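Since the structure comes first, as structure tokens, the remarks are kept for the end.
These numbers were taken from a predicted model, which means no experiment stands behind them. Residue numbers run from 1 in the order of the sequence given.
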Amino acid sequence: MEDFLRDIVVHIESYYQSLVDITPKLLLAILIVLISWFIASRVKVFSDRRLKQKMHDPLLAAFIANLIKAVLIVIGLLFMFRVIGLTGVAQSVLAGAGISAFIIGFALKDIGENFLAGILLAFKRPFSVGDIIESNGVKGKVVALNLRDTQIKSDSKNIYIPNALLIKNTLINFNSEGFLLQDFTIGLEYGSDYRKAIEVITNVIKEDSEIVDKGYSNSAVVAGITGNTVQVIIRYWVKTDVSVSDGKHRSEVVIKVSEALKAEGFIIK
């Protein structure tokens, strides 16, 4: 019994000594991670500001700044492993555990795929910050392009779409050189004076100060007949900086057109 207790004490002392020996390394490793994170964050802010001044492309500048931050953090983590003394262990695991490496690689496939897709989006630039895009059933204003996803704001909600989905699926950009196309449909009673209705709608569009009429095809056209209703499609362009993502301006135009038509005696269906 005394030998058993003596062995327990020896093992506890051994564990305690090992803990005492490794504690300074652990504290140093934590310090290295914190310093790396702080430096990476500061460098990101500086790079983002400088790149936006030089490149005049906020989307690409922000993406490169995030990439720089990620690289610096990875370098800090590698240095931390070296301080702890896990470099050799990590190399042995990578060399001898092919199946584990395959499983880890498969698990991280989506992260790597979205990261590479983010690089393609950053350099191909199918959209810019502030553009109104639609993809995967989501429509909204582009806020930021991150390493893994693209942030879109729609109806006061932040939506994050994985970058790979934007590459693989159809992407619609509603902006054209800083302008956004809007449209809506109004139904008129069959037998109405359609030409006069189009004239009334055109005048409403011309009088709206937010609608751009130079070089853009604003129009009101009869699109078809459904039963006893004639469908008229109204299309017009507005500047991107107009409050369009929440639909307020479009709502105002619909109201103005409806009121103008009713004032002229038209019946809207």
Side-chain angles (χ1 to χ4, degrees), residues 11-125 128-130 142-153 158-167:
H11 280 86
I12 293 175
E13 290 178 350
S14 176
Y15 292 142
Y16 174 76
Q17 189 62 41
S18 299
L19 182 61
V20 170
D21 292 339
I22 200 174
T23 297
K25 292 183 179 180
L26 289 175
L27 294 176
L28 181 59
I30 294 173
L31 183 61
I32 290 173
V33 171
L34 293 176
I35 293 175
S36 299
W37 187 276
F38 175 77
I39 293 175
S41 299
R42 299 302 298 174
V43 170
K44 177 202 169 185
V45 173
F46 176 78
S47 301
D48 184 63
R49 184 170 61 250
R50 295 291 295 177
L51 288 171
K52 286 180 179 178
Q53 293 175 353
K54 298 289 185 180
M55 299 175 64
H56 303 290
D57 187 346
L59 190 71
L60 181 58
F63 183 83
I64 293 176
N66 285 326
L67 183 60
I68 292 173
K69 178 182 178 181
V71 170
L72 291 176
I73 291 175
V74 170
I75 292 174
L77 290 174
L78 293 176
F79 188 61
M80 177 202 69
F81 287 132
R82 186 176 183 85
V83 169
I84 295 177
L86 296 179
T87 305
V89 176
Q91 290 176 351
S92 299
V93 171
L94 291 176
I99 297 178
S100 298
F102 174 78
I103 293 174
I104 293 173
F106 184 78
L108 299 179
K109 178 179 70 69
D110 290 341
I111 296 177
E113 186 180 34
N114 289 317
F115 173 74
L116 293 176
I119 294 177
L120 291 175
L121 290 173
F123 285 95
K124 188 178 180 182
R125 284 175 286 181
S128 301
V129 173
V142 177
V143 177
L145 174 62
N146 304 312
L147 297 180
R148 181 187 174 276
D149 50 46
T150 298
Q151 181 181 352
I152 295 175
K153 193 164 188 177
N158 286 316
I159 303 173
Y160 298 87
I161 303 177
N163 293 327
L165 294 180
L166 296 178
I167 292 291

To the nearest 0.5 Å, what is the distance between CG (L72) and NZ (K44)?
12.5 Å
Using a distance-only test with no angle check, is there a side-chain donor-acceptor pair under 3.5 angstrom linking N158 and Q151?
yes
Distance in Å, I30 CD1 paired with I35 CD1, rounded so as to fall on 0.5 Å steps:
12.0 Å
Can you name the closest pair of heavy atoms from A40 and I73 and give their distance?
CB-CG1, 3.7 Å
Yes or no on side chain to side chain contact (heavy atoms under 4.5 Å, CB included) for T150 and Y160, after CA distance, side-chain angles and deciding distance?
CA-CA 6 Å; T150 298; Y160 298 87; over 6 Å; no
Report the C-alpha separation of S47 and I68 in whole Å, then their side-chain angles, then the decisive distance to 0.1 Å, and conclude whether the side chain to side chain contact (heavy atoms under 4.5 Å, CB included) test is met.
CA-CA 8 Å; S47 301; I68 292 173; 3.9 Å; yes
I need the R42 CZ to K69 NZ distance, nearest 0.5 Å.
11.5 Å
When you measure from the side chain of D149 to the backbone N and O of I161, does any donor-acceptor pair fall under 3.5 Å?
no
To the nearest 0.5 Å, what is the distance between CD on E113 and CG on L165?
8.5 Å
Roughly how far apart are I75 CD1 and I32 CD1, rounded to 0.5 Å?
13.5 Å
Contact summary for V143 and V129, nearest pair of heavy atoms:
O-CG1, 3.8 Å
In this structure, CG of D48 is separated from CG of N66 (nearest 0.5 Å) by 7.5 Å
Evaluate L166 against L121 for side chain to side chain contact (heavy atoms under 4.5 Å, CB included), listing each step before the verdict.
CA-CA 8 Å; L166 296 178; L121 290 173; 3.9 Å; yes
CA sep, side-chain torsions, deciding dist, call: N146, N163, side chain to side chain contact (heavy atoms under 4.5 Å, CB included)
CA-CA 8 Å; N146 304 312; N163 293 327; 5.8 Å; no
